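One structure is given here, and the rest of the page talks about it.
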Number of protein chains: 2
Amino acid sequence: MGVTIKDVAKKAGVAPSTVSRVIADNPRISLETKKRVRKAMKDLGYHPNFNARNLAVRSSQAIGVIMPSSADKALQNPFFPEVLRGIGAYAHKTEYSLYVSTGGNEEEVFEEVKRMVNGNRVDGIILLYSRIADPVQQFLIEKGFPFVIVGKPQEQENEITYVDNDNVKASKELTNHLIDLGHEHIAFIGGAPELTVTIDRLNGYKTAIKEANLELPAEYFAHAEFLKSGGRDAVEQLFALDIPPTGLVVADDLMSFGVISTLEELGLSCPEDVSITSFNNLYLSEITTPPLTTVDIQIYMLGFQSARCLIERTKNKEEPVKRIIVPYEIQYRQSTKELDGKNR
Amino acid sequence: MGVTIKDVAKKAGVAPSTVSRVIADNPRISLETKKRVRKAMKDLGYHPNFNARNLAVRSSQAIGVIMPSSADKALQNPFFPEVLRGIGAYAHKTEYSLYVSTGGNEEEVFEEVKRMVNGNRVDGIILLYSRIADPVQQFLIEKGFPFVIVGKPQEQENEITYVDNDNVKASKELTNHLIDLGHEHIAFIGGAPELTVTIDRLNGYKTAIKEANLELPAEYFAHAEFLKSGGRDAVEQLFALDIPPTGLVVADDLMSFGVISTLEELGLSCPEDVSITSFNNLYLSEITTPPLTTVDIQIYMLGFQSARCLIERTKNKEEPVKRIIVPYEIQYRQSTKELDGKNR
DNA sequence: ATGAAAGCGCTAACAA
DNA sequence: TTGTTAGCGCTTTCAT
């Protein structure tokens, strides 16, 4: 099957190399022949074979996108399709394709990465997660293979290109909002503690609390899974304390839903009894009850920019290491309210 | 860069073709040499170049996954990462890679498909949506290119391999559940009306209503977008009717959240005032208030099976057209309750 | 401005 | 059981 460059060459009465040049829009080919060749291509329904092309130029015009392993339900987070959409937009623009590795366990993810890299399937990789001591990251660094992280690397921050929000600042701002509303007992519920994003958001929270000279008991940091049971445990523990919090900084909208649900089971309601703030501004956070006060981290933009960095880098070896901080914007909605007398 | 098959051959003292055979685990190579070659591969850190391989065998060991265009927010539906996970699981097992096309507008999606197909980037395609008069589907059929649909084709049902649930039956069962609970005024809220899935679920609903000899006023079918405003419009209209429904069959969990939210704004609550049933059993539907009575359509399995069909097909031209119906299971939770006196 | 020819790294007849 | 050789379809020197 398949009409090749030779067929086109024959039909247009030129050499294959000329056809190749026409494809590349080489300026040293006369407009005359270009037209003739293009017509031949069209008539024959010619489409370049990418495997052949890639073999010849040793590149693949494709980038790999690595999702975290899906031991938990984290992958059901709409965050992923949304970054993917951002990445896809830039990739499409530049005629790159997207290879994705979707979860499985950690080992499988690693295997996928190795397949992509070793098999020359992709020119670069985007990591959709960042955590401490990640063998994948280590592998990529050792190979000197181009990659960018959506999020912030835990180590070697200056040698890795990454696209992130200022999570520390955002988290601090969120916490301060609660403080401004009169809350004095504010707890933090984060995701997996080895994720950089959790660490940063926890730090921002801590900073704000300290600066306001509020108490910061160790029992006020909880880590919940996205899974219901996990979230419930965290909330139950928190609200069984002598002084339960009246304000919550939660690291992810999806977790907030679980938290609100558990609160209701405990007979507490949001925002009357406890104010909740969180992160991501998923489409969902606008339509639930109550709508969430949350940080819009611009997921799409995170994806778009990461693709841009990576593709620019694969096109130009000299492109320097970059750090791109995507601005965030807090959406104030109904999950937070001024602390009223009875709770003080 | 890159150590090639020749290097390995030289080091092992054999011909390149022998190395190739070892890679393919050809049975006519002595165990002796296999071992020697494998050692050489390991010592040299050899990895086959897939572009070269694919060029030689005219295949790519990759499948394309096409998401719907993302004009709306539909892509934020956790359905997608979840099917992707299922597809990825089977793909990984069989050492296939995944190419994805993520949204953009319809034209861009189509371009992506053409790129994948014409450029020999993939051996087959999985369509994650199905709707009437889809140019992509048409293109694939004309080309005779292997593809499978997650969902049900609108035309040429017998010539296309697809993986779906029995949506008609599920929807009927859901509706009957409401009827059994005493509801007599049941409305349907679907997604985009050109999607097959919407059509099927609407039909199941209608059938149940008719069989129970209940009324079926035209105003009882609403179509909502995933976007909040759309869902709100539908709900507001429905509940402004002379006889507002007390039961709802909603085509997607995500839409149900919007519906519940709008209801609350109207001063109605679920399940006290209106019972809601829906589809998908997203992780979310379990943790919100109230937890949803919803059809578990086994999203992961839909993905897994579609990948299986497609990969089996690409491996064997003779593989017949298939239809796979993944069983569903209704999860009864708290969004539905017996109609009490006051609402009759 | 264009052509000839040598690869890119691998597979697959065909020989031996 | 293994080696030789001719491609797969494209790009890219090097000539002309």
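No experiment lies behind these values; they were computed from the predicted model shown.
Rounded to 10 degrees, the angle separating the terminal axes of the helix from C:dA1-D:dT16 to C:dA16-D:dT1 is 30°, with each axis obtained from five end pairs.
The NZ-P distance, from B:K10 to C:dC10, rounds to 14 Å in whole Å. Taking atom CG of residue A:N120 and atom P of nucleotide C:dC8, one finds them 14 Å apart after rounding to whole Å. Taking atom CG of B:L55 as the reference point, atom P of C:dA12 lies 12 Å away to the nearest angstrom. D:dG9 atom P lies 15 Å from atom CG of B:N118, rounded to whole Å. Atom CG in B:L44 sits roughly 15 Å away from atom C1' in C:dG9 (whole-Å rounding). Rounded to whole angstrom, the span from the OH atom of B:Y46 across to the P atom of C:dG9 amounts to 10 Å. Distance CZ (A:R53) to P (D:dT12): 8 Å, rounded to an integer number of Å. The distance between atom CD1 of B:I5 and atom P of D:dG3, rounded to the nearest whole Å, is 12 Å.
Within residues 30-42 of chain B, no residue approaches DNA chain C, by heavy-atom distance under 4.0 Å. Applying a 4.0 Å cut-off to non-hydrogen atoms, the residues of residues 11-28 of chain B that approach DNA chain C are B:S17, B:S20, B:R21, listed by residue number.
Sorted by first and then second residue, the ring pair (Phe, Tyr, Trp, His ring centres under 6.0 Å) pairs with a member in residues 96-124 of chain A read A:Y99-B:Y99, A:F110-A:F139; sequence neighbours excluded. Screening residues 6-41 of chain B for ring pair (Phe, Tyr, Trp, His ring centres under 6.0 Å) gives no qualifying pairs among residues at least two apart or on separate chains. The list of ring pair (Phe, Tyr, Trp, His ring centres under 6.0 Å) pairs with a residue in residues 5-47 of chain B, not counting sequence neighbours, is empty.
A:S60 and A:D123 share a donor-acceptor pair across their side chains, judged by distance under 3.5 Å alone.
Checking the phosphate oxygens (OP1, OP2) of C:dC8, no side-chain nitrogen or oxygen of A:R58 falls inside 4.0 Å.
Considering only heavy atoms from C-beta on, B:I87 stays 4.5 Å or farther from A:T102 through its side chain. Side-chain atoms of A:I141 and A:I160, non-hydrogen and from C-beta on, do get closer than 4.5 Å to each other.
The pair B:E312-B:K315 does not meet the salt-bridge criterion, since no charged nitrogen lies less than 4.0 angstrom from a carboxylate oxygen. Of the charged side-chain nitrogens involved, none lies within less than 4.0 Å of a carboxylate oxygen, so that B:E111 and B:K114 do not count as a salt-bridged pair.
Dense packing is recorded around NZ of B:K322, with more than 12 heavy atoms of other residues, nucleotides or ligands lying under 6.0 Å away.
Here the closest heavy-atom approach between residue A:G45 and residue A:V3 is recorded as O-CG1, 3.6 Å.
The backbone N or O of B:G64 sits nowhere less than 3.5 Å from a side-chain atom of B:R121 that would complete a donor-acceptor pair.
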